[in-house]
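Data first, discussion second: the structure below is written as structure tokens.
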Amino acid sequence: MTGIRCLFCIVLAGGALLLTAASDTPPLEDQVLERINEVRQDPAGYADRLRTLRNHFIGNALYAPDHPKGTMTREGLQAIDDAIAFLERQRPLPPLDRGALLDLAAQDHVADQGPRGARGHVSPDGATPADRVRRRGGGDLVGEGISYGYTDAEQVVRQLVVDDGVPDRSHRLLLFNQELRYAGIGCGAHQRYGHMCVIDVSRTRTGRSVFALFAQNDVRGGTKAP
């Protein structure tokens, strides 16, 4: 996928700048996509939200009002300030639509890894994110981000945006890739980290090439969007 610098991205609990927020509805997958779209559509507004965290740091520990025990980060204010600067430069982007096939591929990975307590983008049988999407009938032009350890959408998305401890900020760049139009999300229990969320993204609903889909529509005489 042209322009996506991080095709396979993993975020582990413990090195992130996160807040705890309780919520029981809607499903976590829906909440994660909603938060991602809020950030994509209003990056400057999200920068303001991050700016409020600066006064809650002591060294590299974040003591947020709703998380008084603190969260240890790797970079402290450096990661926050870097994220704020990025968001202030970032222009708003369209929201991502839900891709049902991408959902299935993401959920497949949760089902494979969760009970085993495994991590990473390769399934136990050696399948990559592209392989999992193809197995569901799609293509291989997909990117993937994984968060382990969190059950709250705000935490998951803030972790990806701030990207504490990740030198190239690849998770953030994935979320703000302007070519992306669709996302599939799967979340569930994880034996080792407690919980995990897989986010599969693509330019099309199925991970197939836009040009291939246009050609297919031309042959069939249809005009359905990719």
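Nothing here was measured: the structure is a model prediction, and the numbers come from that model. Residue numbers start at 1 and run along the sequence shown.
The two residues A111 and P115 make their nearest non-hydrogen contact at O-CD, 3.2 Å. In terms of heavy-atom proximity, A79 sits nearest to D164 at CB-OD1, 3.8 Å. Minimum heavy-atom separation, R35 to V157: CB-CG2, 3.5 Å. Between A106 and G186, the shortest heavy-atom contact is CB-N, 3.5 Å. Closest approach of L102 and S202 over heavy atoms only: CD1-CB, 4.2 Å. Between P43 and P92, the closest heavy-atom pair is CD-CA, 3.9 Å.
Of the inter-residue distances, the one linking D82 atom CG with D163 atom CG reads 9.0 Å to the nearest 0.5 angstrom. Here the CZ-CG distance, from R169 to L175, works out to 13.5 Å after rounding to the nearest 0.5 Å. The line from CZ of R136 to CG of D108 is 4.0 Å long, rounded to the nearest 0.5 Å. Taking CG of N177 as the start and CZ of R203 as the end, the distance is 9.0 Å to the nearest 0.5 Å. In this structure, OG1 in T73 is found 8.5 Å from CD1 in I80, a value given to the nearest 0.5 Å. Rounded to the nearest 0.5 angstrom, D103 CG and E29 CD are separated by 7.5 Å.
The side-chain contact (heavy atoms from CB on, under 4.5 Å) test with Q113 is passed by exactly one of R192, M196, Q191, H121: M196.
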ask   = Where do L33 and L96 land on the side-chain contact (heavy atoms from CB on, under 4.5 Å) test, with the steps shown first?
value = CA-CA 8 Å; L33 183 58; L96 302 178; 4.1 Å; yes
task = Could you give me the CA-CA distance, side-chain angles and deciding distance for D200 and H109, then say whether side-chain contact (heavy atoms from CB on, under 4.5 Å) is met?
result = CA-CA 10 Å; D200 287 341; H109 199 40; over 6 Å; no
query = After noting the C-alpha distance and the side-chain angles of R134 and D140, does the key distance pass the salt bridge (Lys or Arg N to Asp or Glu O under 4.0 Å) rule?
reply = CA-CA 6 Å; R134 282 196 298 265; D140 58 2; 3.4 Å; yes
message = Would L174 and I199 count as a side-chain contact (heavy atoms from CB on, under 4.5 Å) here? Give the steps.
response = CA-CA 10 Å; L174 184 68; I199 304 168; over 6 Å; no
request  = Quick one: do T206 and Y182 satisfy side-chain contact (heavy atoms from CB on, under 4.5 Å)? Show the steps, please.
outcome  = CA-CA 9 Å; T206 63; Y182 299 95; over 6 Å; no
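Listed for the H195 side chain is no donor-acceptor partner under 3.5 Å among the backbone atoms of G149. Counting only distance, with no hydrogens or angles, the side chain of N60 and the backbone of R74 share a donor-acceptor pair below 3.5 Å. Looking at S147, its side chain never comes within 3.5 Å of a backbone N or O of C197 through a donor-acceptor pair. For the pair S123 (side chain) and G126 (backbone), a donor-acceptor distance under 3.5 Å is absent. Proximity of a side-chain donor or acceptor of Q90 to a complementary backbone N or O of A44 within less than 3.5 Å is not detected. In this structure, the side chain of R40 engages the main chain of P94 through a donor-acceptor pair within 3.5 Å.
Within the structure, every pair that satisfies the salt bridge (Lys or Arg N to Asp or Glu O under 4.0 Å) test and touches residues 84-94, not counting sequence neighbours, is listed here: R51-E88.
Note: the hydrophobic cluster containing V162 also contains F57 (ILVMFWY, side chain heavy atoms under 4.5 Å, direct or indirect links). L104 and V32 are not part of a single hydrophobic cluster, where members link through side-chain heavy atoms under 4.5 Å apart. A single hydrophobic cluster is seen to contain both L173 and L93, as judged by linkage of ILVMFWY side chains at heavy-atom distances under 4.5 Å, directly or through other members. Both L50 and Y150 are part of a single hydrophobic cluster, where members link through side-chain heavy atoms under 4.5 Å apart.
Looking at R54 and D81, their side chains come closer than 4.5 Å, going by heavy atoms from C-beta outward. Residues R158 and L53 form a side-chain contact, since some pair of their non-hydrogen atoms from C-beta on lies under 4.5 Å apart.
Using cut-offs of 30° and 60° for the angle between ring planes, the Y148 and Y193 rings count as tilted.
A cation-pi contact links R172 to F86, judged by a cut-off of 6.0 Å to the six-membered ring centre and 45° from its axis.
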